[in-house]
2 protein chains.
Amino acid sequence: MPHTPIAARFASAEAAFADQLRAKGLKNTPERLEVLRTIFSRHAHFAIEDIVAEMRRRGRPASRATIYRTLSLLAEGGMIREAVRGNGYTHYEHVREHHDHLLCVHCGAVVEFVSAEIERIQDEICRRHVFTPLSHSHQINGLCARCEGRRARKASRP
Amino acid sequence: MPHTPIAARFASAEAAFADQLRAKGLKNTPERLEVLRTIFSRHAHFAIEDIVAEMRRRGRPASRATIYRTLSLLAEGGMIREAVRGNGYTHYEHVREHHDHLLCVHCGAVVEFVSAEIERIQDEICRRHVFTPLSHSHQINGLCARCEGRRARKASRP
DNA sequence: CCTGAAACTGAGACGCAATCTCAACCATGC
DNA sequence: GCATGGTTGAGATTGCGTCTCAGTTTCAGG
């Protein structure tokens, strides 16, 4: 196993997960480890089906129940989070530095954005409402430059 | 702040809805009108079940299918919008001035908030990405004061 | 007013993501 | 050994939301 940045993050995630499990008196099982590895080895955004498929491909299949359970644990531990809801099922993503999403409703493109200022204001709002934030989703739906251009070119209704 | 002219908005919503239906060659039925009235007569936020229950109480029951269909039409016409997703089912709300939501993941309570500053930053972000915003959802999930207190009390005796 | 084509409704079947159940299965400590 | 207590997976279950289709209603044009 080479010492790349990816491998490093990978290892620390494994360690963090192990700690979390130990702290709760839960067991560090091959299945759980494999879910973690599958997620962190490649996917930035992913749906459950991606994980199911990839684990099967790797010859380490796990049941949906186990994957859902592990995903909950990982989300609890702050290593992944629900990213985008809509269109039927939920997408997750690694937790990296925080960011939000622009979603093109026409072509489905996703652009990430970050705004420290928005984060700050959110905290302020939560304080004002005596509310303990756990997560948030901030998603702007609209048209990316290309799709907007394409639509403008077409004649629009009167 | 002036008192909201509920009756006026009500009438204009009916007219707007009628126009929308006519424009699409759809029919203005008692069921549709009743769904509109039920929504606008009281509910700021509501789930489908609220509408089902209230229409039954009023002696004008409608099937879930009809209600879902009408809700889609109203959303299309911009009179209501999906407000909060999570905890299983979707909440809708009237379209009024814009605002966003705090959702208590424990008891399901919803608090609204507005931030002109956040709106401004969003516009700025869209400009920077040459993105045409159509709608957005901004939702902070966490624990309201009451649920946080309850949890803290419980945690003190594991 | 009629009348018929087209749209609408309701009951229930269905689809589907997510959750739950439970018996068999470890891993660990005594 | 074997008892304890968490884990797994297959499949059942839940529950929101959508779809189907036969019977009903609307409304423009006669």
Side-chain angles (χ1 to χ4, degrees), chain A residues 17-38 45-53 55-56 58-77 80-92 137, chain B residues 14 17-38 45-53 55-56 58-77 80-92 103 105-106 108 141 158:
Chain A
F17 191 35
D19 283 351
Q20 182 195 345
L21 292 173
R22 208 174 311 119
K24 294 194 178 177
L26 302 179
K27 298 186 173 162
N28 197 348
T29 67
E31 288 85 356
R32 283 175 177 165
L33 189 56
E34 198 58 29
V35 171
L36 178 68
R37 284 186 172 154
T38 303
H45 291 92
F46 57 92
I48 275 79
E49 281 315 303
D50 299 332
I51 304 304
V52 171
M55 290 184 73
R56 187 169 302 147
R58 287 177 174 222
R60 306 291 302 265
S63 73
R64 259 155 259 264
T66 297
I67 293 174
Y68 275 111
R69 283 184 292 231
T70 306
L71 252 35
S72 294
L73 287 170
L74 289 170
E76 231 173 273
I80 63 174
R81 63 168 190 142
E82 274 187 15
V84 183
R85 262 169 197 256
N87 283 1
Y89 47 119
T90 303
H91 283 245
Y92 292 81
S137 72
Chain B
E14 280 188 27
F17 192 34
D19 283 351
Q20 183 195 344
L21 291 174
R22 208 174 312 117
K24 293 194 178 174
L26 303 178
K27 301 192 168 160
N28 197 350
T29 67
E31 287 84 356
R32 283 176 177 166
L33 189 57
E34 198 58 29
V35 171
L36 179 68
R37 284 185 170 155
T38 302
H45 290 92
F46 56 92
I48 275 78
E49 283 314 303
D50 298 332
I51 304 304
V52 171
M55 290 184 75
R56 187 169 302 147
R58 289 176 172 222
R60 306 292 303 265
S63 73
R64 259 154 259 264
T66 297
I67 294 174
Y68 275 110
R69 283 184 292 229
T70 306
L71 253 33
S72 295
L73 286 170
L74 289 169
E76 231 173 271
I80 63 174
R81 62 166 191 144
E82 272 188 17
V84 182
R85 263 168 197 255
N87 279 3
Y89 50 114
T90 302
H91 283 245
Y92 292 81
L103 169 65
V105 297
H106 190 252
N141 307 299

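Predicted, not measured: the structure shown is a model, and the values here were computed from it. Throughout, protein chains are lettered first and strands after them, A, B, ... in sequence-line order, and every chain is numbered starting at 1.
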A.B. asks: Among residues at least two apart in sequence or on other chains, which ones pass side-chain contact (heavy atoms from CB on, under 4.5 Å) with A/Ala18?
C.D. replies: A/Arg22, A/Asn28
A.B. asks: With a 4.0 angstrom cut-off to heavy atoms of chain A, pull out the first and last contacting nucleotide of DNA chain D, in 5'-to-3' order.
C.D. replies: D/dG5 to D/dA10
A.B. asks: Starting at OH of A/Tyr68 and ending at P of C/dC20, how long is that distance when rounded to a whole Å?
C.D. replies: 12 Å
A.B. asks: Which residues satisfy the side chain to side chain donor-acceptor pair (under 3.5 Å) test with B/Glu31, sequence neighbours excluded?
C.D. replies: none
A.B. asks: Do B/Tyr92 and B/Asp50 have side chains that get closer than 4.5 Å, going by heavy atoms?
C.D. replies: no
A.B. asks: Using side chain to side chain donor-acceptor pair (under 3.5 Å) as the criterion, list what pairs up with A/Arg56, not counting sequence neighbours.
C.D. replies: none
A.B. asks: If you assign each of B/Ser72 and B/Arg22 to its closest nucleotide in DNA chain D, which residue comes earlier from the 5' end?
C.D. replies: B/Ser72
A.B. asks: For B/Ala53, check side-chain contact (heavy atoms from CB on, under 4.5 Å) against everything at least two apart and list the hits.
C.D. replies: B/Arg57
A.B. asks: Measure from CG on A/Leu71 to P on C/dA18 and round the result to the nearest Å.
C.D. replies: 10 Å
A.B. asks: In chain order, what residues pass the side chain to side chain donor-acceptor pair (under 3.5 Å) check against A/Ser63, with sequence neighbours excluded?
C.D. replies: A/Thr66
A.B. asks: Would you find a donor on one side and an acceptor on the other, under 3.5 Å apart, between the side chain of A/Arg64 and the backbone of A/Ile48?
C.D. replies: no
A.B. asks: Over how many whole Å does the gap from A/Glu49 atom CD to C/dA18 atom C1' extend?
C.D. replies: 11 Å
A.B. asks: At a cut-off of 3.5 Å, list every protein nitrogen or oxygen paired with a nitrogen or oxygen from nucleotides 4-11 of chain C, distance to 0.1 Å.
C.D. replies:
| unit_1 | atom_1 | unit_2 | atom_2 | d |
| --- | --- | --- | --- | --- |
| C/dA6 | N3 | B/Lys27 | NZ | 3.2 |
| C/dC8 | OP1 | B/Lys27 | N | 3.0 |
| C/dC8 | OP1 | B/Arg32 | NH1 | 2.4 |
| C/dC8 | OP1 | B/Arg32 | NH2 | 3.2 |
| C/dT9 | OP1 | B/Thr29 | OG1 | 2.6 |
| C/dG10 | OP2 | B/Ser63 | N | 3.2 |
| C/dG10 | OP2 | B/Ser63 | OG | 3.3 |
| C/dG10 | OP2 | B/Thr66 | OG1 | 2.5 |
| C/dG10 | N7 | B/Arg69 | NH2 | 3.1 |

A.B. asks: What pairs with B/Gln20 under side chain to side chain donor-acceptor pair (under 3.5 Å), at least two apart in sequence or on another chain?
C.D. replies: none
